[in-house]
Amino acid sequence: MTDLYAVIGNPIGHTKSPFIHGRFAGLTGQDLNYSAIEGHAESFVETVQGFFRAGGKGMNVTAPFKLQAFEMADERSERARLAGAVNALKYENGRIHAENFDGIGLLNDIQRNIGLPFQGKRVLVLGAGGAARGALLPFLQAGPAELVVCNRTHAKAQGLAGQFAGFGPIRAETAGQLAGRHFDIVINATSASLRGELPEVPSAVFEKAALAYELAYGKGLTPFLKQAQQSGAQRLADGVGMLVEQAAEAFVWWRGVRPETAGLIGEMTIPLI
Ligand code: NDP
């Protein structure tokens with residue numbers, strides 16, 4: 001029998017996950033069917049349980065259900081616990097296991113695909129929402145010289161810096177405190193670009209940056225990427241590589257086989273103009 005997988009979110013019409021996992025299945029010769037489900041907050045738990053009862057093996061979870069999925073899981077990885085959110089579920093021996101691959105997907109895209117190791121680098125993360133939280137543990141484990149979190153609501157960045165302090169050199173700073181500072185990698189993990197807005201950050205942070213990375217994808221040159229380009233960042237990237245790499249991590253977790261990602265990222269990349 002063909003194994004069943006799905007992504008659940010709301011809205012879900014825009015999702016690229018069925019396309020990505022369908023391609024992975026073809027590349028690795030795996031027999032599976034991957035669909036998209038529109039979830040609703042009041043019936044989310046029943047929908048997920050029903051999917052697994054009907055033979056589903058795994059799910060991706062996207063906005064706005066990452067916290068609800070975290071709460072309903074029977075087992076949570078350390079990454080998921082620290083992020084407080086999950087983007088992948090696996091049903092095994094009657095139990096729901098939860099993971100968060102967003103951060104490792106982002107790290108893999110920067111280190112492996114873009115070719116920029118975090119070891120010894122000065123890294124600035126803008127934002128303190130779910131995506132930022134999921135990235136901090138993998139980032140710190142990759143050995144940066146410093147990891148600074150800057151968020152519009154400073155208290156949230158301070159909370160994260162405190163929570164992750166035991167894992168490496170992390171600090172929270174306001175946009176004002178960043179004046180005159182330089183970073184090697186600057187990551188926009190805010191959702192500002194989804195509304196065409198610019199998160200507040202001094203232009204100098206980009207002057208010596210090897211990379212400015214925008215988590216949103218398919219939006220072309222966002223205000224953040226434009227500011228980075230004009231301020232001297234050597235390379236720009238959006239989140240399409242992260243999207244494919246987090247999917248690859250989930251695929252390995254579910255199927256035990258790693259799909260090749262470079263060809264698909266190339267195919268899905270829209271030029272940043
Ligand atoms: P959340 O809603 O959890 O967090 C949003 C964050 O953005 C908060 O820190 C918020 O600050 C900040 N923010 C929102 N608007 C502005 C603004 N105008 N100026 C400054 N800061 C702002 O979102 P997520 O963490 O889930 O998602 C963040 C981004 O990452 C989105 O663009 C999303 O599409 C992208 N993403 C990409 C993925 C991929 O695979 N490529 C995967 C997951 C997410 P405050 O705390 O002050 O409200």
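Hydrogens, waters and symmetry mates are skipped; everything else that's a heavy atom, side chains included, is used. Counting starts at 1 for both ligands and their atoms, in listed order.
Close approach of ligand 1 to G127 is summarised as follows: ligand atoms under 4.0 Å from at least one heavy atom of the residue are 9 (O).
The single protein non-hydrogen atom nearest to atom 45 (P) of ligand 1 is T153 OG1, 3.4 Å, given as residue, atom name and distance. Atom 2 (O) of ligand 1 has its closest protein heavy atom at S191 OG, 4.4 Å. Closest protein heavy atom to atom 43 (C) of ligand 1: K66 NZ, 3.9 Å. Remark: minimum distance from atom 3 (O) of ligand 1 to any protein heavy atom is reached at G130 N, 2.9 Å.
Atoms CG and CG, on D184 and L211 in that order, are 10.0 Å from each other to the nearest 0.5 Å.
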(request) Evaluate ring pair (Phe, Tyr, Trp, His ring centres under 6.0 Å) for F206 paired with F224, printing each intermediate quantity in order. (result) CA-CA 11 Å; F206 300 107; F224 165 81; 5.6 Å; yes
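Ion pair R95/E75 flagged as a salt bridge, since at least one NZ, NE, NH1 or NH2 atom sits closer than 4.0 Å to an Asp/Glu carboxylate oxygen. Salt bridge absent: K57 and E92 never bring a charged side-chain N and a carboxylate O closer than 4.0 Å. Look at E99 and R76 and you find no salt bridge, because none of the NZ, NE, NH1 or NH2 atoms lies under 4.0 Å from a carboxylate O.
Of all the heavy atoms of L126, none lies under 4.0 Å from any atom of ligand 1, so neither backbone nor side chain is involved. Contacts between L215 and ligand 1, counted as non-hydrogen atom pairs separated by less than 4.0 Å, involve both the backbone and the side chain. Residue-level proximity to ligand 1 for R195 is carried by the side chain, the only part with a heavy atom below 4.0 angstrom.
Residue contacts with ligand 1 leave out E200, since none of its heavy atoms falls under 4.0 Å from the ligand. The shell of residues lying under 4.0 angstrom from ligand 1, judged by heavy atoms, includes A128. Within the structure, the closest approach of A189 to ligand 1 falls below 4.0 Å when heavy atoms are considered.
Across the listed options L194, V125, V240, L194 owns the non-hydrogen atom lying nearest to atom 33 (C) of ligand 1.
Note: an N/O pair closer than 3.5 Å links R152 and ligand 1 by distance alone. By the 3.5 Å distance cut-off applied to N or O atoms, N151 is counted among the residues near ligand 1. Where the criterion is an N or O separation shorter than 3.5 Å, residue side chain and backbone included, P199 fails it with respect to ligand 1.
Between the side chain of N100 and the backbone N or O of D102, at least one donor-acceptor pair lies under 3.5 Å.
Evaluation of the ring pair (Phe, Tyr, Trp, His ring centres under 6.0 Å) test over residues 114-148, restricted to residues two or more places apart or in two chains, returns F118-F139.
With respect to L32, the side chain to side chain contact (heavy atoms under 4.5 Å, CB included) criterion is satisfied by exactly one of F251, W254, F24: F251.
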Compile the donor-acceptor pairs under 3.5 Å between side chains in residues 233-242 and protein atoms, sequence neighbours left out, one pair per line.
{"residue": "D238", "atom": "OD1", "partner": "V240", "partner atom": "N", "Å": "3.3"}
{"residue": "D238", "atom": "OD2", "partner": "G218", "partner atom": "N", "Å": "3.2"}

